[in-house]
Structures are given as structure tokens and as C-alpha cells.
Amino acid sequence: MLEARGLTVIHGGTTVLDRVSLTLPEGPYGLGLIGESGSGKTTLARCLLGLVAPARGTVLFDGADLGRMRRPQPFRRAVQIVVQDTEGSLDPRMRVGTAVAEVLRAHRMVPRGAEPARVAALLADVGLTAEHAARFPHQLSGGQRQRVAIARALALRPRFLVLDEPTSALDTTVQARILGLLGRLRAEHRLSCLLISHDLLVVEEFCERVAVLEHGRIVEEGPLTDVLRGPRHPATRRLRDAVPRLPAAPDASRDAPR
Ligand SMILES: Nc1ncnc2c1ncn2[C@@H]1O[C@H](COP(=O)(O)OP(=O)(O)O)[C@@H](O)[C@H]1O
Ligand SMILES: [Mg+2]
């Protein structure tokens, strides 16, 4: 289990996270975290990965406090992150196959001899082939680069996957395909996922529960269907109303074939 308890993060006198608590149980599971830009979503993600130390509060991994962990290796493998493609998480000079192999090597995941087969299996798992493995990141589409980022995360056989706006840089059709892929992987690898998005539609596809972050505070949290049907907080309503829905019946008739 991965748990945030009362996390408070302060940057330059501003409270970026204010007593945030959430729980990721064992997978397969999906928790959505929604909030407007600047609400603190990425900061929370970085806390869960141990990349930002909170001023107050703790992150617990299987009950152990991250700030006091003496053997962090199991945690570092178990919790992985996939970020938005535009952040350039792939080395532009490294072929895709090498980039995946690098992760395996850094964590001594497989014996050297078994590496090529494992790289091929990981790429196949995200829908890529040996032909893609030989390419450089700029020779791939945005969707394919996200597949590589997912393969690199899966290479460490994680239990928890933090997805920080994983499809925000992609066209809607590609976005749907990547979300479909993540849904399949979540089931097959029994992953417990925190899916971060400013887009409620993305979370709707994927999550059992949803938490709403506003100015560093969780203002609403609950089962997805409850929160969507009866949002209690204005921030949730704003996010819900920002999503373009299918037009109501009278409007739809205008698009009917003539
Ligand atoms: N390292 C940092 N130094 C100073 N301010 C930061 C830092 N990281 C985040 N912030 C500020 O914290 C707030 C939340 O940022 P972020 O967590 O990236 O939000 P989100 O991902 O929801 O857009 C923003 O106001 C941002 O400017
Ligand atoms: Mg962010």
C-alpha cells in the first residue's frame, strides 16, 4: 500500500500542498486526481515518488515512512511514474531499445544474456516491435513515445504507477488508445494507479475513485460515480462543466445526416 498522510509542501512561502492525504491500495486499482493547472498535482506526484520532501506529513510505503527508509531500492522499483511526453523524459540520443535496456541494467532486473528478450517482451507489451526498438525518440510519434515511457516503467515490475497527465500532449484518438493500453496493463500487471489529469473525461474511463485538488487541498474525494453525479464542491463542478459533452437532443438533430 502507498499512502500519503497529511502532506504539506511549501515553496517560497506559498503553501503548495496543504495536509493532503490519499491511499493507493494493492491493484488492480485506479484513483483519479483532478485539479486545475497549478493546484499542486505534480507536486503531490513527486512527493509520492520521494522526489519532494514534505514540510509536514509522511508518505508510507507498506507502512514504512519514506523519509526514514534505510533500504529504498524495493520502493524505487515498486513505484514508477509516467509524465507528459513534452517533458522529454527520453534521451534524444538513445535508441528506444537501449533506453529500455538501460532501466533493466540500472536495477539489475535480468542477467545480461536475458536482456534482449526482456526488452522485446516489454516493447511488445506496449504494442511496439523490434523495428521501433532501433529508432530514436524523434523518429516516433507522441503516442509511441508514451508507449516507450510506459515500457520503461513496467521494466521494474512496479506495483504502483503514477500517471501525471500521461495523454495531455496527444490527440484525442491517440489519447484513447493509450488509455486503453493502460487499462489493459493495469489489469494484467495488477497495477495500482494514480491517474492525474485536468480532464475529467480521462479519469472517467479509468478510475474507481476520484480526488479533487484545489489550491493544494483535497476538497472532494469519493467513488467516481458519486462525485460525477453529485459533485459537492464548486471546484468539482467547474471541472465537470469544462468537459464538452455530447450535445443534448435538440442540438444533436442539427448534425443528423440530410
Ligand atoms: N520547485 C518549485 N519551486 C517553486 N514553486 C513551485 C515548485 N514546484 C511547484 N511550484 C508551484 O506550486 C504550485 C503547484 O504546482 P504543480 O504541482 O506543478 O501544479 P499542477 O501539476 O497541478 O499544475 C504552482 O503554483 C507552482 O508554481
Ligand atoms: Mg502538473
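As the structure is a computational prediction, the values presented were derived from the model and not from experiment. Each residue takes its place number in the sequence, starting with 1. Each ligand, and each atom within it, is numbered from 1 in the order the structure gives.
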Give the residue and atom name of whichever protein heavy atom lies nearest to atom 10 (N) of ligand 1, and the separation in Å to one decimal. His11 CD2, 3.7 Å
With a 4.0 Å cut-off on heavy atoms, does Gly12 reach ligand 1? no
Contact check, Glu36 vs ligand 1, heavy-atom distance below 4.0 Å: yes
For a 4.5 angstrom cut-off between non-hydrogen side-chain atoms, does Leu156 reach Val103? yes
A side-chain contact here means heavy atoms from C-beta on lying under 4.5 Å apart; do Thr8 and Leu17 qualify? no
Would you say Gln84 reaches the Mg ion (ligand 2) with an N/O/S atom under 2.8 Å? no
Do me a favour and list the nearest non-hydrogen protein atom to atom 14 (C) of ligand 1 with residue, atom name and distance? Gly38 O, 3.4 Å
When distances are taken from atom 16 (P) of ligand 1, the protein heavy atom at minimum range is Thr43 OG1, 3.7 Å
Heavy-atom distance from atom 27 (O) of ligand 1 to the protein below 4.0 Å? no
Charged tip of Arg186 within 45° of Tyr29 ring normal and under 6.0 Å: no
Of all the heavy-atom pairs spanning Gly142 and Asp85, show the shortest one and how long it is. CA-OD2, 3.9 Å
Residues Asp164 and Thr42: side-chain donor-acceptor under 3.5 angstrom: yes
Is the shortest N/O to N/O distance between Val16 and ligand 1 below 3.5 Å? no
Note the single closest protein heavy atom to atom 19 (O) of ligand 1, along with its residue, its atom name and the distance in Å. Gly40 N, 3.2 Å
Assess the side chains of His198 and Glu36: does a donor N or O sit below 3.5 Å from an acceptor N or O? no
In this structure, atom 18 (O) of ligand 1 is nearest to the protein heavy atom Thr42 CB, 3.7 Å
Can a side-chain donor-acceptor contact be found between Glu26 and Ser192 if the only test is distance below 3.5 angstrom? no
